[in-house]
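What you see is a predicted model; the values in this text were computed from it and never measured.
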Amino acid sequence: MIAASLPRLSLLVCAMVLAGCTNQRSSENVFTVTKRLIEQRRAQPVTPDPKIVQAVATDALSRTTGPVLLYTLEDRKAVAVLRPIAENGAYQTWASYGSSERLSATTLNGVLVSTRGLGNDLMSSRVEPLLEVVSRREDGVATIQQRYLDGENQIVNLKSDCKITRGETEAVASVAGSVQGVRMTAECWQANRSVVNSYLVDANGAVVQSRHWAGPTMGYSTIQRLR
């Protein structure tokens, strides 16, 4: 099953990093871009090598049987293949596959709610009102709260008022094959900006792909469930 799905996986990983790739394997950690940003604040972010991304994703899917995510921080041009390391009720915490780095992301139904070790972290989020509407795949409104670290390491509380609309049915590749979902869009307004989040939701209300704004210092995070 895994071997048969690798061509689709390869195309997905390539699309996420906007570049071509090959079938070379590597154990190199793909969170190194974020690590460099933490160590060298003035360095310009560089798009990770798609060969490494594909190799790590392939290795993770072939060596494990549990969930695997592809995680992208768009503004930082960082991509990681994530494995679950902890669970607290509906919240899942993930870390980079093949790495001992103390970098993690926590999700609620496929949506990023906090990070640790990435610099200017998203400390916590209250997105349950939004997810209640999104998981029903219906139009609606919701208010969410996010707490993030600013450039002076101070926690900032941010409220967003969101209008949620139902879009068209789409398909996304996974190890199990093509997954059908409805594209849900959330236009969210804050005191001095507006952002647009999107979520692909399957028939069971599970978010199989999300593009969610994680704060002004982190920008958009995209999460794609590979398995």
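- Using modelled atom types, one finds a donor on one side chain and an acceptor on the other under 3.5 Å when comparing Thr222 with Glu74.
- Side chain to side chain, Thr165 and Asp139 fail the donor-acceptor criterion of an N or O pair below 3.5 Å.
- Judged by distance alone, the side chain of Asn153 and the main-chain N or O of Leu149 form no donor-acceptor pair under 3.5 Å.
- Side-chain atoms of Leu70 and Val81, non-hydrogen and from C-beta on, do get closer than 4.5 Å to each other.
- Counting only distance, with no hydrogens or angles, the side chain of Asn109 and the backbone of Gly205 share a donor-acceptor pair below 3.5 Å.
- Put simply, the side chain of Arg116 gets close to the backbone of Met123: a donor and an acceptor are under 3.5 Å apart.
- Side-chain contact between Tyr71 and Thr115: present, with at least one pair of heavy atoms (C-beta onward) separated by less than 4.5 Å.
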Residues Lys159, Asn157; criterion side chain to side chain contact (heavy atoms under 4.5 Å, CB included); working and verdict:
CA-CA 7 Å; Lys159 184 183 81 166; Asn157 293 292; over 6 Å; no
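- Atom OG of Ser198 and atom CD of Gln209 lie 7.0 Å apart (nearest 0.5 Å).
- At distances below 3.5 Å, at least one donor-acceptor pair connects side-chain atoms of Asp202 with backbone N or O atoms of Asn204.
- Distance alone, capped at 3.5 Å, is enough to place a donor-acceptor pair between the Gln146 side chain and the Trp213 backbone.
- Across every non-hydrogen atom of Ser221 and Leu112, the tightest pair is OG-CD2, 3.4 Å.
- Counting heavy atoms from C-beta on, the side chains of Val127 and His212 come closer than 4.5 Å.
- Within 6.0 Å of the CD atom in Glu152, the count of heavy atoms belonging to other residues, nucleotides or ligands does not exceed 12.
- In this structure, Gln224 and Leu226 have side chains that are in contact, with non-hydrogen atoms separated by less than 4.5 Å.
- Looking at Val141 and Ile164, their side chains never come closer than 4.5 Å, going by heavy atoms from C-beta outward.
- Residues Leu130 and Cys162 share a closest heavy-atom pair of CD1-SG, 4.1 Å.
- To the nearest 0.5 angstrom, Ile155 atom CD1 is 9.5 Å from Asp150 atom CG.
- Shortest non-hydrogen contact noted between Met218 and Leu122 is SD-N, 3.6 Å.
- Rounding to the nearest 0.5 Å places CG of Asp121 at 13.5 Å from OH of Tyr148.
- Screening residues 106-155 for disulfide (SG to SG under 2.5 Å) gives no qualifying pairs among residues at least two apart or on separate chains.
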Tell me which donor-acceptor pairs under 3.5 Å the side chains of residues 184-192 have, and how far apart each pair is, sequence neighbours excluded?
{"from": "Gln190", "atom 1": "OE1", "to": "Arg193", "atom 2": "NH1", "distance (Å)": "3.1"}
{"from": "Gln190", "atom 1": "NE2", "to": "Ser160", "atom 2": "OG", "distance (Å)": "3.0"}

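- Annotation for Val182 and Arg137: closest pair CG2-NH1, 3.4 Å, computed over non-hydrogen atoms.
- The two atoms that bring Leu108 and Leu131 nearest to each other are O-CD1, 3.5 Å, heavy atoms only.
- Put simply, Ile223 and Val134 are part of two different groups of oily side chains (I, L, V, M, F, W, Y) that touch within less than 4.5 Å, one to the next.
- Counting heavy atoms from C-beta on, the side chains of Asn197 and Tyr220 come closer than 4.5 Å.
- Hydrophobic clustering (side-chain heavy atoms under 4.5 Å, transitive across Ile, Leu, Val, Met, Phe, Trp, Tyr) groups Val201 together with Val111.
- By the 4.5 Å heavy-atom criterion applied to side chains, Arg183 and Glu168 are not counted as neighbours.
- Here the side chain of Ser104 pairs no donor or acceptor atom with the backbone of Thr93 at under 3.5 angstrom.
- Closest non-hydrogen pair, Ser96 versus Arg83, comes out as O-NH1, 2.5 Å.
- No single ILVMFWY cluster, assembled from side-chain heavy atoms under 4.5 Å apart, contains both Val113 and Leu73.
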